[in-house]
Amino acid sequence: MQVERASNFIHEIIEDDIKANKHNGIVQTRFPPEPNGYLHIGHAKSICLNFGIAQKYSGKCNLRFDDTNPAKEETEYVDSIMEDVRWLGFNWDAVYYASDYFDQMYIWAEQLILQGDAFVDDSTGEEIRLSRGTLTEPGKESPYRNRTINENLELFRGMRSGTFPDSSKTLRAKIDMNSPNINMRDPIMYRILRANHHRTGDKWCIYPMYDWAHGESDSIEKVTHSICTLEFENHRPLYDWFLEKLGIFHPRQIEFARLNITYTLMSKRKLLELVNENYVTGWDDPRMPTICGYRRRGYTPESIRLFADRIGVAKRDNMIDVAQLENCVREDLNKSANRMMAVLNPLKVVIENYADNFTENLNGVNNPEDAAKGSRTIKFSKEIYIEQDDFMENPSKQFHRLAPGTEVRLRYAYIIKCEKVIKNEQGEVIELRCSYDIDTKSGTGTSPKKVKGTIHWVSAEFGKSSEVRLYDRLFTIEDPAGIKDGNWRDAINPHSLVVVSDAKIEPALSECVVGDRVQFERLGYFAVDKDSTADKIVFNRAVSLRDSWAKIEKKNK
RNA sequence: UGCCGAGUCGUCUAACGGUAGGACAGCGGCCUUUGGAGCCGUAUGCAGAGGUUCGAAUCCUCUCUCGGCAGCCA
C-alpha cells in the first residue's frame, strides 16, 4: 500500500538541513529500542517515523539495541524486536548494539577524565540522591569531586578491572551542581555492576548510563537526526555537552510526543505486569497493544503504517481515539480480506418446503472490492443456521431481519419466510420453521420481490465447527495510566475476551491457515489463530464491522 | 516553588502575516443481495487579555492551563 506521508515538524527540520547542505545532505536515522520487552504500537509510531524519513529522504536507518543495562535485557527481546520491525515492512541498513561501542565509550570516558570533565565518586547511592538537590534547590558538590586527574584515571581503571565492589563507585561528569536542569548536576556515566550481559557476557563490570551511551552511539553511527520522545527533552543539554566535550560528530536530537491510545496502556513495565500476572496470555495476546499482539489479532502491517501516518507527529501530548486505529484496520482489510460466512450464535432454521436430502451449489463472491479474488461454491441445504440476533419475535419497525411472518434474504440463496417459531420449556426460541421462495434464487434476477434485509447463514449439513475469540478493549476507562488514586488493574475489562466455542463456519473457512485474515460477512474481520488444531480452527476477531443497527438500537434505548 | 516543553473542532493534525482545512468520532441523507463498502451533506475549534499591523492561529507582552524532570532505568 502506498502510504502518503504527511509533513510534520521533523520533516521540516530535515528538509531545511538538506537545503542548507548540512552533512552534505545525508540523512541518517536510527530506531533505538532497549531489548527489555516487546515492541508496542507506540514503538511502531517511532519505527514508521525513523524508517519513513530514511525512505523519504533517500537516507538510511539503523536498528540499534540500546543494551546498556544487562539486568533487564534479554536476547528473546532482541529477536522479537527484529521480527516485529521486519513484519511492519521495514529493512534496516544495519543492526548495531550500544554494547558494540563499550570499548570506544571507555576510551572517551578516559578522555573526559583527562580533560578534567569527569571524576570518580565514592559516594553511596543514598548520598548521591541527597546531594543532587531538588527541583527548587541546587545540589551539593561531592566531596570526591576534586580528585586529581591521575587519581581519577587510576580509580576508573580499577573500576573497570573489577577492583571495587558493585555500586561502590561511579564515574560522574563534572558539570554543574547548581544547574536548574537536574540532568546537568554531575550525572553518572558509569556504574559498577556485575551482571551477565546478553552479548558481552562477563567482559565488563562497569556499564554506561543512557545519557553517556546514547549520543555517543549516535555519533559513531553518524546519525544526523536522533529522534526520541519528549521525556528526553531535558536530557538534550547533556546529550550536547558530552558530544561537545568529546569534539566528535554531533547529531541533532529532536523530540516528539509519544503515542497514547484510549482504553490502552502503553508502558512496557505495565505491559510486562499484565503478562506476568496473567491478565493476558502473553505478550502476543490479541488484546495487547504490542506489535505481535496486533499481528496475532489480525491487524495488517499496512493498517498500522496507515495509522502512524494518519495520527501525525507533533510535540503536544495526545490521546488518540482507539476508533482511529480500528478504522485503519477496517480500511485496509476491506480491500484485502475475502468475505465468508460464519454464524457465531446459531439458531437452527428448517426450510420446510425444501426437498429433503437436496443440495444446491451457490456462488459466493469472495471480495466485492476486488474482482480478481474470484468466487467460491457454497452448498445450500434444507437445514441451516442463522444468527440468533437476526431473528426477533417482537421486532421494532426498524428491524429488517427475520420475524414471525416476515421475509428476509439468505445471502447468495433464497428469500425465506418465517412460518413458525419453536421454543423450549423456558420459552426460548430454539428453532425456526421457514418456507423459501424458489423464484428468488440469488443471481437469477427473475424475482420482482424485494426484501429489506439480507442475512448470513451456514448449512447445518455442510458447515463446520469453530472456536471464535471475540476481543474487546482491555480497559474500561479511556486513560488507565492516568488513574490517580487506585490501581490501573481495577480498570481491566473483565469482558475483554469472549470465547464462542461452537461457531458454525462455511466449509471454505476451515481451509484457512494460521495468519489468514477474512471477513465474516456482517460481523467483522477475523484471523486464524495459532492455537488452531486439525480438529478445530480458531479465529480471532480483529475488529467488528461498523454496525449501524447497533447504533439504532442504542438510540432507541 | 526551579528548569524545559506544549496549548487549533469531541479526538488527532494542517496553516509559516492574507478565506482556519483534512482525518476519525457525531449527526442527517442517498445507495445497497453484507444495516458492510461507497457517496453526499452538516455542526462544532485558534486557552485568555493586551499590543504591533491594512490584515494575527502565526510576531511581541502578560496571564492561565496541561505535561516532563529530583534511578547507579531507558
Side-chain angles (χ1 to χ4, degrees), chain A residues 6-8 12 32-34 36 66-69 71-73 121 123-125 128-130 132-139 166-172 179-185 187-193 206-207 209-211 213-214 228-237 255 257 262 268-269 307 309-328 330-331 334-335 339 341 365 368-369 398-401 408-413 415 440 442-443 450-456 478 519-524 544-552:
Chain A
S7 202
N8 59 55
E12 282 179 19
E34 182 188 14
N36 69 341
D66 219 338
D67 55 351
T68 57
N69 184 1
K72 288 186 178 178
E73 296 147 6
D121 194 348
S123 302
T124 64
I128 289 177
R129 187 176 62 77
L130 258 23
R132 185 152 33 222
T134 68
L135 296 177
T136 50
E137 303 160 54
D166 283 9
S167 299
S168 60
K169 289 180 172 25
T170 56
L171 182 73
R172 290 229 253 168
S179 173
N181 182 342
I182 290 179
N183 295 124
M184 300 298 273
R185 317 235 263 231
I188 293 171
M189 294 168 64
Y190 280 98
R191 71 277 215 188
I192 304 174
L193 175 62
I206 57 171
Y207 289 95
M209 299 288 290
Y210 167 86
D211 287 309
H214 203 89
C228 63
T229 42
L230 246 33
E231 67 268 26
F232 293 104
E233 208 156 24
N234 296 334
H235 294 243
R236 184 164 12 101
E255 311 84 14
T262 55
K268 264 200 242 179
R269 201 198 84 229
F307 174 70
D309 184 50
R310 291 263 168 92
I311 60 174
V313 176
K315 293 194 77 157
R316 52 188 103 88
D317 293 321
N318 60 79
M319 178 65 75
I320 311 283
D321 190 339
V322 70
Q324 182 92 251
L325 209 208
E326 292 172 343
N327 178 70
C328 292
R330 288 194 193 99
E331 187 169 321
N334 175 51
K335 281 179 268 180
R339 273 61 166 170
M341 292 197 286
V365 174
E369 305 286 322
Q398 293 148 300
F399 189 74
H400 296 161
R401 287 111 90 160
V408 75
R409 172 168 291 281
L410 294 177
R411 180 79 159 150
Y412 300 126
I415 290 176
T440 60
S442 279
K450 286 273 181 206
V451 287
K452 281 211 153 172
T454 298
I455 64 173
H456 60 277
E478 281 200 0
Q519 183 193 108
F520 289 179
E521 291 220 24
R522 302 208 302 135
L523 297 177
S544 63
L545 250 29
R546 274 201 204 90
D547 187 348
S548 44
W549 168 245
K551 217 178 260 179
I552 294 169

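The chains referred to below are lettered A, B, ... by the order of the sequence lines, with proteins before strands, and numbering in each begins at 1.
The side chain of A/Arg546 contributes an N or O atom lying less than 4.0 Å from OP1 or OP2 of B/rA25. A sub-4.0 Å separation between OP1 or OP2 of B/rG35 and a side-chain N or O of A/Arg522 is present. Between B/rG36 and A/Arg411, no contact under 4.0 Å exists linking OP1 or OP2 to a side-chain N or O. At the phosphate of B/rU32, neither OP1 nor OP2 sits under 4.0 Å from any side-chain N or O atom of A/Lys450.
Under a 3.5 Å cut-off, the side chain of A/Tyr412 and the backbone N or O of A/Val365 do form a donor-acceptor pair. Without hydrogens or angle criteria, A/Arg330 side chain to A/Ser544 main chain gives a donor-acceptor distance under 3.5 Å. A distance-only check finds no donor-acceptor pair linking the side chain of A/Asn234 to the backbone of A/Asn181 [under 3.5 Å].
For B/rU33, its base sits under 3.5 Å from the side chain of A/Ser442 at one donor and acceptor pair at least.
A straight line from NZ of A/Lys452 to P of B/rG35 spans 12 Å, rounded to a whole angstrom. Between the CZ atom of A/Arg316 and the P atom of B/rC46 there is a distance of 15 Å, rounded to whole Å. Note: CD (A/Glu233) to C1' (B/rA6) measures 9 Å, nearest angstrom. With rounding to whole Å, A/Asn8 atom CG is found 17 Å from B/rU8 atom P. The interatomic distance linking A/Arg401 (CZ) with B/rU32 (C1') rounds to 15 Å, in whole Å. As rounded to whole Å, 11 Å separates atom P of B/rG35 from atom CZ of A/Phe399. What separates NZ of A/Lys315 from P of B/rG7 is a distance of 9 Å, to the nearest Å. Distance CD (A/Glu478) to P (B/rA25): 15 Å, rounded to an integer number of Å.
By the ring-ring contact (aromatic ring centres under 6.0 Å, His included) test, A/His235 is found to be paired with A/Phe232, residues two or more places apart in sequence or in another chain being considered. With sequence neighbours excluded, the residues satisfying salt bridge (Lys or Arg N to Asp or Glu O under 4.0 Å) with A/Asp121 are A/Arg172. Every side chain to side chain contact (heavy atoms under 4.5 Å, CB included) that A/Asp317 has, sequence neighbours left out, goes to A/Leu230. In this structure A/Glu478 satisfies the salt bridge (Lys or Arg N to Asp or Glu O under 4.0 Å) test with no other residue, sequence neighbours excluded.
Each of A/Leu410 and A/Ala323 was assigned the nucleotide of RNA chain B with the nearest heavy atom; the assignment lying further toward the 5' end belongs to A/Ala323.
Checked by atom type, the side-chain pair A/Arg546/A/Asn327 shows a donor-acceptor distance below 3.5 Å.
Applying the 90° cutoff around 0 to the glycosidic angle, B/rG5 is assigned anti.
Among the protein residues, A/Glu137 comes within range of no part of the nucleic acid, since none of its heavy atoms lies under 4.0 Å from any strand. Within 4.0 Å (heavy atoms only), A/Tyr207 reaches no atom of the nucleic acid at all. Counting non-hydrogen atoms under 4.0 angstrom, A/Val451 reaches nothing in the nucleic acid. Within the nucleic acid shown, A/Arg236 has no heavy atom closer than 4.0 Å to any nucleic acid atom. Contact annotation for A/Ile455: no contact, since no heavy-atom pair falls under 4.0 Å across all strands.
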Problem set entry | Base-contact (B) and sugar-phosphate-only (S) positions in nucleotides 69-74 of chain B, heavy-atom cut-off under 4.0 Å, - elsewhere | BBSBSB
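Distance check on atom P: B/rG38 versus B/rA74 gives 46 Å, rounded to whole Å. B/rC59 sits 23 Å from B/rU13 when the C1' atoms are compared, rounded to a whole Å. Across B/rU65 and B/rA47, the matching C1' atoms stand 7 Å from one another, rounded to whole Å.
The side chain of A/Leu545 lies closest to B/rU34, out of B/rU13, B/rU34, B/rC24. Checking B/rG36, B/rU1, B/rA6 against the side-chain heavy atoms of A/Glu369 singles out B/rG36 as nearest. Proximity note for A/Gln324 (side chain, C-beta onward) versus B/rG36, B/rU33, B/rC24: the nearest is B/rC24.
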For this session: Tell me, with the steps shown, if A/Glu233 and A/Lys315 meet side chain to side chain contact (heavy atoms under 4.5 Å, CB included).
Result: CA-CA 11 Å; A/Glu233 208 156 24; A/Lys315 293 194 77 157; 2.4 Å; yes
Exercise. A/Ser442 and A/Arg409: side chain to side chain donor-acceptor pair (under 3.5 Å), yes or no, with the steps?
Worked result: CA-CA 9 Å; A/Ser442 279; A/Arg409 172 168 291 281; 3.2 Å; yes
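Note on A/Lys72 versus A/Glu34: no salt bridge recorded, every NZ/NE/NH1/NH2 to OD/OE distance being 4.0 Å or above.
Both key distances under 3.5 Å define a Watson-Crick or G-U pair, and stretches of 3 or more such consecutive pairs in RNA chain B run B:2-7 with B:64-69, B:10-13 with B:21-24, B:26-30 with B:38-42, B:47-51 with B:59-63.
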